[in-house]
Amino acid sequence: MEEKFDVTGMTCAACQANVTRVVSKLDGVSHCDVSLLSNSMKVEFDQDKVNEQTICEAVKQIGYGASVHGQKTEVRKVWQNRQNRVESDQRSAKQRLILSLVLLVPLLLIAMGPMVGLPILEGMEWMMVSALTQLILCLFILFIQRHFFITGFKALIKKSANMDSLVAMGSGASFVYGLVGIYQMAYYFGVQNMEMAHMAMHSLYFESAATIVTLVSVGKYLESRSKAKTSDALDKLVDLAPKNATILRDGKEIVVSSESIQIHDIVVIRPGQRIPVDGKVISGTGYVDQSAITGESLPVEKNVGDSVISATMNENGTFQFEAEKVGEDTTLAKIIQLVDDAGNSKAPIARLADKVSGVFVPVVILIALITFVAWLISGQTIQFALSNAISVLVISCPCALGLATPVAIMVGTGKAAENGILIKSAAILEQLHSIDTIVLDKTGTITSGKPSVQGVKVYTNISMNDFISMAASLESGSLHPLGQAIVEYAEDKNIKLQQPEQFTNISGRGIQAKLNGHVYLAGNKRLLEEKNIQINQNVLSDLDAYASLGQTPLIFVEDQNVIGLISVADTIRSTSQVALEQFKKKNMRVVMLTGDNQKTANAIGKSLSVDEVISDVLPQDKESVIRKLQEQGKKVMMVGDGINDAPALMRADIGVAIGAGTDIALDSADVILMKSSLLDVVTAIDLSSDVIKNIKMNLFWAFFYNILGIPVATGLLYPAFGLRLSPMIGSACMSLSSVCVVTNALRLRYFKPRIEMEEVKTYTMHIDGMSCGHCAWLVEDALKKVPNVKEVRVDYNLGKADIDYVQQVNKVALKQAVEDAGYIPVEYKEEKKMKKVVTVDGMMCMHCVAHVKDALSKVEGVSDVVVSLDEKTATLNCTENITDQMLSDAVTNAGYTVISVK
C-alpha cells in the first residue's frame, strides 16, 4: 500500500537524504519519496512486514518528527492549513531575524568599532566590560536562534548530521573559543599581565558566533519567502473554489459552506456564481465559462442533463443541479492533487544531488577537522586554524544542492497547470523534451471529433429520404462519432427515425442490426469483405473518390446487397496544422494512427504533411504499433483521447490524453491536456526543456559554489595569494547561494507558450454559378486545399464564401481554386476580426441582457456576442469597418447607456 506522512524538523537536503535513507532500509518498504518543500513523505510498503508506526519511529530515531498525513478533507481546508503553516513559519523566521539584527548591530559596533575608528568601550579599563557585554549580546542572539543548535546537535548525536549541524558546530566553536578568551583575560588581569590580556581580547569570536547564525537566518527567511511563491499556480486554482453555495433543503434555499455539500444535494446557481462541486443539471439553463478548467474560450450552454464542473463560472441564466462529486472527488480537487503530487515528486536528474547530499555533511566535517589540524601542524595559531575550520563548516551548503531540482519542478508543474496541462510526475516533466517520435490518434486529436455528412449516394430505387431514415435509424444505437453524425444529419432534415432490433457493434468495422424484418450492415469495406459481400465497380469507384478527398465512406447493406453509402468527414482542428509544423521544427517524427481506410488516411496525412500514416488500425492493435516503434529505438509519445487509446497510452514512453475535460484521473495517461489542442503538447515540451535547463543551471552553480568555496575556506590560497575567508563572510555566502538557486528557479514563473494561434482573418469571396448544396460543397472542398486556409463557409443562396485563414493566403490561388471547380469568382475582400468590450449601464435583469445582445447582434459584421449582467459588459467580435460609435448607437437605441468601448 501507499501512505503519506507529514515530516517535521527537515531543514536541508541532507535532512531529506537522511529520512529517505533510514525509511528505505526498513524491511518491507519498496519506495520512499521525501519532499523538503512540502515537509511530506510518500511510502510504498508491505503491510505484512512493516506498519505506519514503525515508519514513524524510524524517522523519529534520527531526530525528526513523523506522523500519518491524516484523513481526507475538503481541498480548500487542506490547502489553507498548509498555507497557515507556511505563513506561521515565515512570521517566526522574521521575528527571530529582526531581534537578532537589533542585537547584532551593537555587538558588531562594540567588537569591531575600534578597528574602524569608532571608540566604543575602548581602552584597557573597558576591556572586561566590552568582553562581558559581547558575551551577553551573543548569548541572547544564540538563544533566539537556538533551533540551529537543538536540531543540529540532535541530528549529530543521531549520526544524521545536516546543515544545522554545520552551522551549530561553526557558531558553537566560535562561542566556546570566545568564552575561553574571557577566562584568559580574567586570569591575565589577575596576574597583572596586561599585554596577554590585550591579546586575549582580540581572540574573542562572539561577533562571529552571532553573525553566523544571523546571516544564515537571513538566507533562511528569504528562502522561505521564495519557496512560498512556488505554489502561486496552486493558490490560483484553490481560489477558484467558492467558499459558500446555495442549496435546497426542505424546499427552502439556504447558504452553506461548499465543503458541507453532500452527494445528491440540489445546488442553486445564479448569474455570476461559481459552481462549487461537480454535478448534473436538473432544471433551468445557463451559460457557463469553463475556461479555467477546460480552456474553452466561449461560455458553454448548459441544459437539463448536462454535466457541470466545479470552479467554473455561470455567466448567464439560472439553473439547479444535483451534486455528484464532492470534496476531494471534484474535478478541481483532483487537478490540485495531481499538480501538488507532481511538484513534490522527484525527477531522475535529482538523484545525483540526493546522493551527494547524503554524504556531504560528514565529508565537510572531516574536511574542517583536517583543516584545523593541518594549520596547527604547519605552525599557525589556534585562532588561525579555528577560523579556517569554522569557515569550512559554514560556507558548505547542501541546501543549494537540495533546492536546485524540487523548486524548479514545483514551479514548472504549477505553470503547466496554469496553461491547462496536467503533468503527473517530475520524471515525466523531465522526459518530455527528449521524445523523438510522436504518434497522433486522428479522430478527436488531430480532428475535432465532430464529423459531419459530406455526401450521400443511393444505388437502388429507394428514395433519398428513405435511405437517410434507414441509415440514421441503424446508427441511432451506435456511440461512434461517424454514426452520430448521420443521426444528426437526419434530425436536421426532420426525418423520422425508427428503433433498430438486435443491434450489434462490430469493433473497428461497423454495426449490424435488424429493421422492419430486414438485416442490415453498415460499416467500412473491411466489414463487407469479412461478410463475403460483393462490391461492384461503381461502388468501388465512389469509395475511392470519397477517400481521395479525405472523407470516410460508410457502406450500407440490406440482405447482402449494397444499397448506398454516406461519406462523413471530420474537420481538422485549426491548431493541429500549426502544432504539426512545430513538431517538425523540433526534429520529431510525426505518425498518424487511424482506423480509416488507406486512401482516406493518406489524403488527410498528405494535407497535414505527416511523416508516416498507419491506417486500418483497430483500437486493440494500436498498442502493438507503439511497441514496434519502441523496438526500433524510438522514444515515443502517444497522443489520444484517453479512452479507446488506453493500451497505447500505457505502452508509450509518455502517454498524453487530449481534451480530457472532466475525467482528469485517467490512469493510462502521463499528461492530461484540459484543452483539445495539440499546441498544448508543444507548450509541454517547451516547458520541459526550460525546466531541465533551469535545473542543470542550478546544479552547476550549486556544485561550482562548493567546489570553489570549500578550498578557499580551508585557506589553500593563503600561502600563495594571502586570500582567506572569515567565518562571517562564509555564512553570508552560504545563505546567498541558496537564495540565488531558488530565485533562479522562480524565473520559470514567467514562462509563456512560445506558439499561440495567429490572428484569424477572413476573406469574403462572391461567386457566380452556384445553384445548390452540391455546388457549395465543391467550392468549399476546392478552397480548403489552398495553403493556410483553415475554415470555409459557403452560402450558395447568397453566392459567397467566407474564408478563414492564418499567416498569408494567396489570392490568386483562391481565385484559381474556384475556377478549377467550375465557378466564377467575382470579388473578394479581407475582413479582419477584432475583439471589443462594451461597458453598459442600466442592465437590471436577464431580460435586459437579451435586449443588449439582440441589439448588438443585429449590427452587420458583429458576431459572438456575450453579455455579462454581473460585469455589466458585452464582449464581441467584429470586422474592421465597425466603429465604436456604431456599437454605442446600437446599445443606446435599445435603451441603455454606454460607459466605454474598448
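Here, residue 1 is the first one in the sequence, and each next residue gets the next number.
Annotation: side chain of C56 is in contact with side chain of F5 (closest heavy-atom distance under 4.5 Å). Put simply, the side chain of R747 reaches to within 4.5 Å of the side chain of M697, judged on heavy atoms. The side-chain heavy atoms of V277 and K325, taken from C-beta on, include no pair separated by under 4.5 Å. By the 4.5 Å heavy-atom criterion applied to side chains, E3 and V43 are not counted as neighbours. Contact check for T246 versus I254: no side-chain heavy atoms found under the 4.5 Å cut-off. Two residues are said to be in side-chain contact when any heavy atoms from C-beta on lie closer than 4.5 Å; F751 and K415 meet this criterion. Proximity of D265 to R249: side-chain heavy atoms (C-beta onward) are separated by under 4.5 Å at one or more points. Annotation: side chain of K424 is in contact with side chain of I672 (closest heavy-atom distance under 4.5 Å).
In this structure, T330 contributes its side chain and V326 its backbone to no donor-acceptor pair below 3.5 Å. Between the side chain of T312 and the backbone N or O of I309 there is at least one donor-acceptor pair closer than 3.5 Å. Judged purely by atom type and a 3.5 angstrom limit, D46 uses its side chain to pair as donor or acceptor with the backbone of D48. With hydrogens and angles ignored, the 3.5 Å screen pairs a side-chain donor or acceptor of S30 with a backbone N or O of E44. Within the 3.5 Å criterion, the main-chain N or O of S67 finds no donor-acceptor partner in the side chain of D6. A distance-only check finds no donor-acceptor pair linking the side chain of S689 to the backbone of D686 [under 3.5 Å].
Judged purely by distance below 3.5 Å, without hydrogens or angles, the side chains of N694 and D690 never pair a donor atom with an acceptor atom. A side-chain donor-acceptor contact under 3.5 Å links S310 and D278. Judged by distance alone, the side chains of E430 and S688 never bring a donor and an acceptor atom under 3.5 Å apart.
Between R651 and E623 there is a salt bridge, since a side-chain N of the basic residue sits under 4.0 Å from a carboxylate O of the acidic one.
Taken from CG in L156 to CE in M169, the straight-line distance is 6.0 Å, to the nearest 0.5 Å. Expressed to the nearest 0.5 Å, how far NZ of K280 lies from CD of E324 amounts to 5.0 Å. Once rounded to the nearest 0.5 Å, the distance linking CG of N51 with OG1 of T54 reads 3.5 Å. A distance of 5.0 Å separates CD1 of I141 from OG1 of T214, quoted to the nearest 0.5 Å. Here the CD1-CG distance, from I144 to L97, works out to 10.5 Å after rounding to the nearest 0.5 Å. Taking CD1 from I695 and CG from N744, the interatomic distance works out to 11.0 Å, rounded to the nearest 0.5 Å.
The shortest heavy-atom contact between F148 and V213 is CE1-O, 3.8 Å. Summarising the geometry of M637 relative to L432, their closest heavy-atom pair is CE-CD2, 3.4 Å, with the distance given to 0.1 Å. In this structure, M10 and Q16 approach most closely via the heavy-atom pair SD-CA, 4.0 Å. Between R96 and Q145, the closest heavy-atom pair is O-NE2, 3.5 Å. Closest heavy-atom contact between H31 and D33: NE2-CB, 3.8 Å. Across all their heavy atoms, V691 and G412 have their closest contact at CG2-CA, 3.9 Å.
In this structure, R146 forms a cation-pi arrangement with F143, its terminal cationic atom sitting closer than 6.0 Å to the ring centre and no more than 45° off the ring axis.
The neighbour count for F140 CZ, taken as heavy atoms of other residues, nucleotides or ligands under 6.0 Å away, does not exceed 12.
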Can T151 and Y64 be said to form a side-chain contact (heavy atoms from CB on, under 4.5 Å), step by step?
-> CA-CA 8 Å; T151 58; Y64 304 95; over 6 Å; no
For F45 and I55, run side-chain contact (heavy atoms from CB on, under 4.5 Å): C-alpha distance rounded to whole Å, both residues' side-chain angles, the deciding distance at 0.1 Å, then the answer.
-> CA-CA 10 Å; F45 59 95; I55 294 171; 3.8 Å; yes
Kindly determine whether N244 and V256 satisfy side-chain contact (heavy atoms from CB on, under 4.5 Å), including the steps that lead there.
-> CA-CA 6 Å; N244 300 313; V256 299; over 6 Å; no
Give the C-alpha distance, both sets of side-chain angles, the deciding distance and a yes or no for side-chain contact (heavy atoms from CB on, under 4.5 Å) between M313 and R274.
-> CA-CA 4 Å; M313 171 74 81; R274 285 198 180 274; 3.9 Å; yes
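Between F704 and F700, the two ring planes are parallel [angle under 30°; tilted spans 30° to 60°].
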